[in-house]
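Some notes on the structure that comes next.
Order of the sequence lines sets the chain letters (A, B, ...), proteins ahead of strands, with each chain counted from 1.
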Number of protein chains: 2
Amino acid sequence: MQLPDAVDSLSALAHASRLAVYRLLVRAGSDGMPAGEIARRIDVLPNTLSNHLTILDRAGLVQSRRDGRSIIYSADYDRMRDLLGFLIADCCGGRPEICAPFVGIAEEVGCCA
Amino acid sequence: MQLPDAVDSLSALAHASRLAVYRLLVRAGSDGMPAGEIARRIDVLPNTLSNHLTILDRAGLVQSRRDGRSIIYSADYDRMRDLLGFLIADCCGGRPEICAPFVGIAEEVGCCA
DNA sequence: TCTATATTTCGATTATTCCGGAAATATCGA
DNA sequence: TCGATATTTCCGGAATAATCGAAATATAGA
């Protein structure tokens, strides 16, 4: 990942509604969730949500597929891993001790035990 | 970390110059770097950089201390760990397999071996 | 104290983003 | 085909952010 792409992803996530949408989708897993249900849960108008989803999609953070009348959105985990990798990689200027705290952060958070 | 704080941090990083500044600082380690040198390296005017540094500081991502006429800025690693933890924690909706790719990402990136 | 250096603050302009109403598009079932 | 549902697109105004010149503040050294 290059810096401009990282900025795009960070910008997409740097908004209360969009971050809430993204959290919802990563929790929904690969099943994803239709736009309408997202709108109800986050409590935003459908057209406003659509704009937010477009921004997340352009940033590569979510994917979409049509299922009948619904469009199902789901989180792109690869993109998140790339973004985290970019941020974590930044912390190492040849000094492993600096970013040692980041090793195994997933376990520390009580996630993916 | 709560969502509003995460949004603040993400917003602060969602700007090309500020992300570049932050990368510079995490590489500089705890020694930090004076504002003037940052401005030269990133190639932005001192007053513009000062605004960016204020934003990063308010987001809790950097710290500052005075040294003579210079003000030394340094990255706050705890805040970054909290932010990454927040994002990673999001990936686990009771489904450890979803975010398994994030476990040990630091090593994967070739960082902090 | 005076001057130079380092950084910040202020103020104004420009650019960008956010939001919602209205209309358009797509799909399903009758 | 028709009407209902789901979602997107278009467009305008309002709010927010970015940038820079100029002035202000703080420190060091002569």
Side-chain angles (χ1 to χ4, degrees), chain A residues 3-25 28 31-76, chain B residues 3-25 28 31-76:
Chain A
L3 192 136
D5 292 322
V7 170
D8 285 345
S9 290
L10 291 167
S11 296
L13 293 173
H15 182 283
S17 297
R18 288 197 297 269
L19 185 54
V21 167
Y22 186 75
R23 295 180 77 187
L24 202 54
L25 289 179
D31 291 344
M33 192 179 289
E37 186 175 344
I38 299 172
R40 275 191 299 277
R41 296 222 202 181
I42 304 297
D43 192 29
V44 294
L45 292 176
N47 56 350
T48 298
L49 175 71
S50 183
N51 286 329
H52 289 322
L53 289 171
T54 298
I55 290 169
L56 288 168
D57 183 66
R58 276 203 301 249
L61 291 164
V62 304
Q63 301 164 325
S64 66
R65 60 190 146 91
R66 177 176 282 279
D67 177 26
R69 272 173 287 198
S70 296
I71 295 188
I72 313 285
Y73 283 86
S74 56
D76 186 320
Chain B
L3 192 136
D5 292 323
V7 170
D8 284 345
S9 290
L10 292 167
S11 296
L13 293 173
H15 182 284
S17 297
R18 288 196 298 266
L19 186 52
V21 167
Y22 187 75
R23 295 180 75 187
L24 201 55
L25 289 178
D31 292 344
M33 190 179 292
E37 186 175 345
I38 299 172
R40 276 190 300 277
R41 296 220 201 182
I42 303 296
D43 192 31
V44 294
L45 294 175
N47 56 352
T48 298
L49 176 71
S50 183
N51 286 328
H52 288 322
L53 288 171
T54 298
I55 290 169
L56 287 168
D57 183 66
R58 276 202 301 248
L61 290 163
V62 304
Q63 301 164 325
S64 66
R65 61 190 145 91
R66 178 175 283 278
D67 177 26
R69 272 173 289 195
S70 298
I71 294 187
I72 314 285
Y73 283 87
S74 56
D76 186 320

Value rounded to 0.5 Å, distance of CG in A/Leu56 from OG in A/Ser11: 11.5 Å

Below 4.0 Å: OP1/OP2 of C/dT8 and any side-chain N or O of B/Tyr73: yes

Taking every non-hydrogen atom, the tightest pair across A/Ile71 and A/Ser64: CG2-CB, 3.9 Å

All side-chain contact (heavy atoms from CB on, under 4.5 Å) counterparts of A/Arg69, not counting sequence neighbours: none

Salt bridge (Lys or Arg N to Asp or Glu O under 4.0 Å) partners for A/Arg58, two or more places apart: none

Any residue of residues 45-53 of chain B with a heavy atom less than 4.0 Å from an atom of DNA chain D: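 Nucleic-acid contacts, sorted: B/Leu45, B/Asn47, B/Thr48, B/Asn51, B/His52.
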
Contact list for DNA chain D against residues 55-71 of chain A - heavy-atom distance below 4.0 Å: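 Result for residues 55-71 of chain A: A/Arg69, A/Ser70, A/Ile71, sorted by number.
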
Exam field: side chain A/Arg66 to backbone A/Gly68, donor-acceptor pair closer than 3.5 Å: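 Answer holds: yes.
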
Short side-chain to backbone donor-acceptor contact, A/Thr54 and A/Ser50, under 3.5 Å: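 Yes; at least one donor-acceptor contact below 3.5 Å.
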
Along DNA chain D, first and last positions that approach a heavy atom of chain B under 4.0 Å: D/dA18 to D/dA28

Ring pair (Phe, Tyr, Trp, His ring centres under 6.0 Å): pairs with one or both residues in residues 53-76 of chain B, sequence neighbours excluded: none

Residue pair A/Ile42 / A/His52, side-chain heavy-atom distance below 4.5 Å: no

Non-hydrogen side-chain atoms of A/Arg18 and A/Leu61 separated by less than 4.5 Å: no

Full working for side-chain contact (heavy atoms from CB on, under 4.5 Å) between A/Leu3 and B/Arg23: CA-CA 10 Å; A/Leu3 192 136; B/Arg23 295 180 75 187; 3.6 Å; yes

